[in-house]
Amino acid sequence: MNKGKYYITTAIAYTSGTPHIGNSYEIVLADSIARFKRKDGYDVYFQTGTDEHGQKIELKAQEIGVTPKAYVDKVAGEIRRICDSLDTSYDKFIRTTDDFHEKQVQKIFKKFYDQGDIYKGAYEGLYCTPCESFWTESQLVDGKCPDCGREVKPAKEEAYFFKMSKYADRLIEHINTHPEFIQPVSRKNEMMNNFLLPGLQDLCVSRTSFTWGIPVDFDSKHVVYVWLDALTNYISGIGYDADGESTEQYKKLWPADLHLIGKDIIRFHTIYWPIFLMALGEPLPKQIFGHPWLLQNDGKMSKSKGNTIYADDLIDFFGVDAVRYFVLHEMPFENDGMITWELMVERMNSDLANVLGNLVNRTISMSNKYFGGKVVNTKVGVDAGTEDVDADLFHVLADTYSRVNKKMDELRVADAITEIFALFKRSNKYIDETMPWALAKDETKKDRLAAVLYNLSNAIMVGASLLEPFMPETAKRIAAQMNAPFPDFSVLEECAAKGDTAMASALYPSGNQVTETPKILFARQDLAEVMEKVDKMFAERRAAAGVTEDDAKTSNQGTDGAAGADEKPVDLEAKAEITYDDFDKCQFQVGLVLSCEEVPKSKKLLKFEIQIGSAKRQILSGIKQYYKPEELVGKRVMVLTNLQPREIAGMMSEGMILSAADEDGNLAVMTPERFMPTGAEIC
RNA sequence: GGCGAGAUAGCUCAGCUGGCUAGAGCAUACGGUUCAUACCCGUAGUGUCGAGGGUUCAAGUCCCCCUCUCGCUACCA
């Protein structure tokens with residue numbers, strides 16, 4: 001039965017580095033939905049890929065001395081390998097460096113320009129050279145750059161802007177009339193209240209500060225903004241053409257049924273992307289789901305500690321399906337999920353080994369032991385209607401499909417899996433209720449025993465069929481051991497729709513022979529042993545990276561350690577070159593922190609009293625979340641002292657305390673390497 | 001600072017528009033069973049439902065206020 005097309009996408013992965021398990025989670029989630037829909041009778045098209053442009057990548061490539069293309073080829077290959085190792089069934093892996101994609105992005109940019117949605121930067125007088133930023137009139141503070149407080153000047157570098165405001169009303173209307181458009185719904189309010197209702201700013205959609213991007217074909221100094229480039233993959237990948245020559249495939253698949261993305265990029269997908277589509281005159285995707293994150297331990301995954309968990313590691317330890325099970329089952333719908341080795345072992349043992357693996361194993365063992373592996377449906381105890389336990393099991397059998405299906409429609413994948421395991425647990429209970437070993441001792445009950453084992457085999461196959469989208473390999477192994485094909489979803493759906501328990505209870509071929517030698521599906525893991533192996537693995541990894549144990553434990557402390565494989569370099573978008581004279585205008589001095597206190601009601605601000613030479617001054621700095629006030633008192637810090645004073649949160653701030661920040665949001669205040677008196681010039 | 005979400009058993013959470021002795025899973029304890037991967041099944045729990053006030057015959061569920069946590073955003077010179 002064909003229920004129509006279903007086009008699902010993941011976000012395309014940025015090729016700036018190797019993704020960890022938290023990054024890889026998304027493709028598994030998308031895959032489980034794609035496989036489920038496919039098996040449920042939809043004509044599914046599942047697209048994923050890589051986002052390969054931008055200055056960050058240009059710089060990375062430069063650093064290791066290869067061309068950007070060579071660099072992204074390597075990383076994209078690695079990302080694709082990881083997707084494959086997770087047994088994901090994508091139909092297309094698009095790369096934003098693909099020719100057809102680049103060509104469409106250029107055409108789309110031109111089209112926007114021709115129809116007046118994109119205009120060339122007309123912001124002369126509103127460009128801040130040091131910040132290399134354009135500002136709209138409304139963004140200025142006291143007529144000056146909101147970033148640095150300096151005068152803004154005529155544009156030195158032109159840029160293209162997209163008129164977001166033109167489509168804002170239509171987007172607001174669409175979001176309000178399509179409550180399912182943004183999932184979870186809490187995100188809808190955030191987008192509305194923070195961006196749409198206050199008024200959308202025009203978006204700068206070209207860059208001139210680097211070259212690793214898709215060139216604007218009618219103005220070669222510019223490359224297309226990475227988000228306009230990246231978002232376009234969803235239509236370019238299925239054959240969209242801006243000149244009206246879109247393929248049949250595109251006409252069939254678009255609009256997408258689901259864009260599955262991380263919660264951090266919801267804004268781009270629910271505001272900019274729909275507006276780009278409106279400007280193209282194309283329909284909007286039906287649904288955008290910003291999934292939560294899978295976190296390691298208590299914090300966001302960070303490579304700085306050298307203990308990052310990668311999909312490869314987990315697959316090595318537990319096998320691909322256990323990893324899929326874990327990330328899918330452990331991830332709540334709206335809150336972030338957590339992964340640790342301990343939790344992984346616990347799920348592996350209690351759910352996979354004990355409940356599922358053992359059920360299959362004990363059932364097959366009994367069939368072999370009592371009937372030489374032959375499973376016959378004698379229906380004894382069933383037709384008589386005296387066996388309530390059978391009726392209850394059959395009811396669950398008939399019902400589970402619709403329960404799982406409902407959860408999947410709501411994108412509650414974790415809950416869907418829980419429903420399937422409820423069936424396995426019910427089956428284990430059924431064994432206890434029927435006590436096959438007792439029946440086996442009574443020759444007159446042999447037919448009842450056969451029926452019990454048939455019912456179990458049947459239940460296992462129904463469960464395995466439902467499980468296949470989530471754990472494809474395991475489902476196949478079960479089918480192989482049970483030596484029979486799965487019941488189709490269409491059959492399960494029919495049973496559920498009709499409430500036909502009789503039908504649901506006879507889906508396994510009667511008289512079938514199961515395997516003689518059942519194999520363990522999931523071996524129980526010993527936590528202590530696993531942890532020992534894990535520690536060893538990370539120790540080796542750190543050693544290879546030149547990071548010591550101490551560094552690993554105190555990664556926020558300063559370290560002069562050599563760059564290692566696990567160190568995450570920070571590549572910034574380069575600012576315009578400055579002259580020595582520009583530099584000389586800045587006065588940096590050593591300052592002594594006399595006092596430091598939290599600014600009440602501010603999440604980020606600390607108020608400092610700083611001794612600079614013989615003078616004192618008050619400086620506010622937004623580093624509250626990184627330091628406790630008392631930690632900083634008495635420290636000597638680097639201060640930009642001739643910065644124009646500025647009022648922040650009602651208090652004057654006279655200068656700037658300098659810190660270093662990495663991409664994971666860690667921050668360190670700059671201090672002199674040896675003693676220096678307060679006021680000493682830094683030059 | 002603005003907007004929003006949340007605070008329920010040791011842990012992770014479910015409890016819709018207020019209604020009977022507040023639930024599930026995991027972990028714990030005890031009992032049963034032996035087909036099976038020392039597994040499975042059952043039973044038992046404890047909870048001031050964040051603090052305080054209010055509305056109501058009745059509130060975890062509504063209102064007010066307080067504390068804390070979280071998300072987005074602004075700020076972070």
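You'll find a donor-acceptor pair under 3.5 Å spanning the side chain of Asp432(A) and the base of G32(B), going by distance alone. Judged by distance alone with a 3.5 Å cut-off, a donor-acceptor contact links the side chain of Asn194(A) to the base of C72(B).
At the heavy-atom level, Lys263(A) lies nowhere under 4.0 Å from the strands shown. Using a 4.0 Å heavy-atom distance criterion, Leu521(A) is classed as a base contact. Among the protein residues, Tyr370(A) comes within range of the sugar-phosphate backbone only, with heavy atoms under 4.0 Å from sugar or phosphate atoms but none that close to a base. Within the 4.0 angstrom heavy-atom criterion, no nucleotide atom of any strand lies near Ser186(A). Residue contacts for Glu346(A): at a heavy-atom cut-off of 4.0 Å it reaches the sugar-phosphate backbone alone, with no base atom in range. Residue contacts for Val360(A): at a heavy-atom cut-off of 4.0 Å it reaches no nucleic acid atom on any strand shown.
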Anything under 3.5 Å between a protein N or O and an N or O of nucleotides 29-31 of chain B, put it in a table, one pair a line.
none

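Across all strands shown, C13(B) forms a Watson-Crick or G-U wobble pair with G23(B), both key distances being under 3.5 Å. When Watson-Crick and G-U wobble pairs are counted only if both distances are under 3.5 Å, C30(B) pairs with G42(B). Across every strand in view, A59(B) sits unpaired, with no contact that passes the Watson-Crick or G-U test at under 3.5 angstrom.
By the 30° and 60° cut-offs, the orientation of the rings of Trp227(A) relative to Phe268(A) is parallel. Taking the six-membered ring where the residue is Trp, His291(A) and Phe289(A) present perpendicular rings, their angle passing 60° and hence far from 30°. Between Tyr325(A) and His329(A), the ring-plane angle classifies as parallel under the 30° and 60° cut-offs.
For Lys369(A), the side-chain atoms get nearest to C35(B) when compared with the rest of G71(B), G42(B), C35(B). The nucleotide whose nearest atom lies closest to any side-chain atom of Asn361(A) is, among A36(B), U73(B), C40(B), A36(B). Here C26(B) is the nucleotide among C26(B), U37(B), C41(B) with the atom lying nearest to any side-chain atom of Ser350(A). Closest approach to the Arg267(A) side chain among G71(B), C3(B), U73(B) is made by U73(B) (side chain taken as heavy atoms from C-beta onward). Closest contact between the side chain of Ile520(A) and the listed nucleotides C3(B), C35(B), U37(B) involves U37(B). Side-chain proximity of Lys425(A) to U73(B), G71(B), C41(B): nearest is C41(B).
For the C1' atoms, the distance from G60(B) to U17(B) is 15 Å, rounded to whole Å. The C1' atoms of U67(B) and A9(B) are separated by 23 Å, rounded to the nearest whole Å. If you take atom P in G42(B) and the same atom in A14(B), they sit 24 Å apart, rounded to whole Å.
Aromatic ring centres of Tyr25(A) and Trp293(A): separated by at least 6.0 Å.
Side chains of Arg267(A) and Asn194(A): a donor-acceptor N/O pair is absent below 3.5 angstrom, by distance only. When only modelled atom types and interatomic distance are considered, Gln589(A) and Thr641(A) share a side-chain donor-acceptor pair under 3.5 Å. Residues Arg347(A) and Ser350(A) bring a donor and an acceptor atom of their side chains to less than 3.5 Å of each other.
Nearest-nucleotide positions on RNA chain B for Ile619(A) and Asn189(A) put Asn189(A) closer to the 5' end. Heavy-atom nearest nucleotides on RNA chain B were determined for Leu640(A) and for Phe195(A), and the one closer to the 5' end corresponds to Phe195(A).
Atom CD1 in Ile460(A) sits roughly 17 Å away from atom P in C35(B) (whole-Å rounding).
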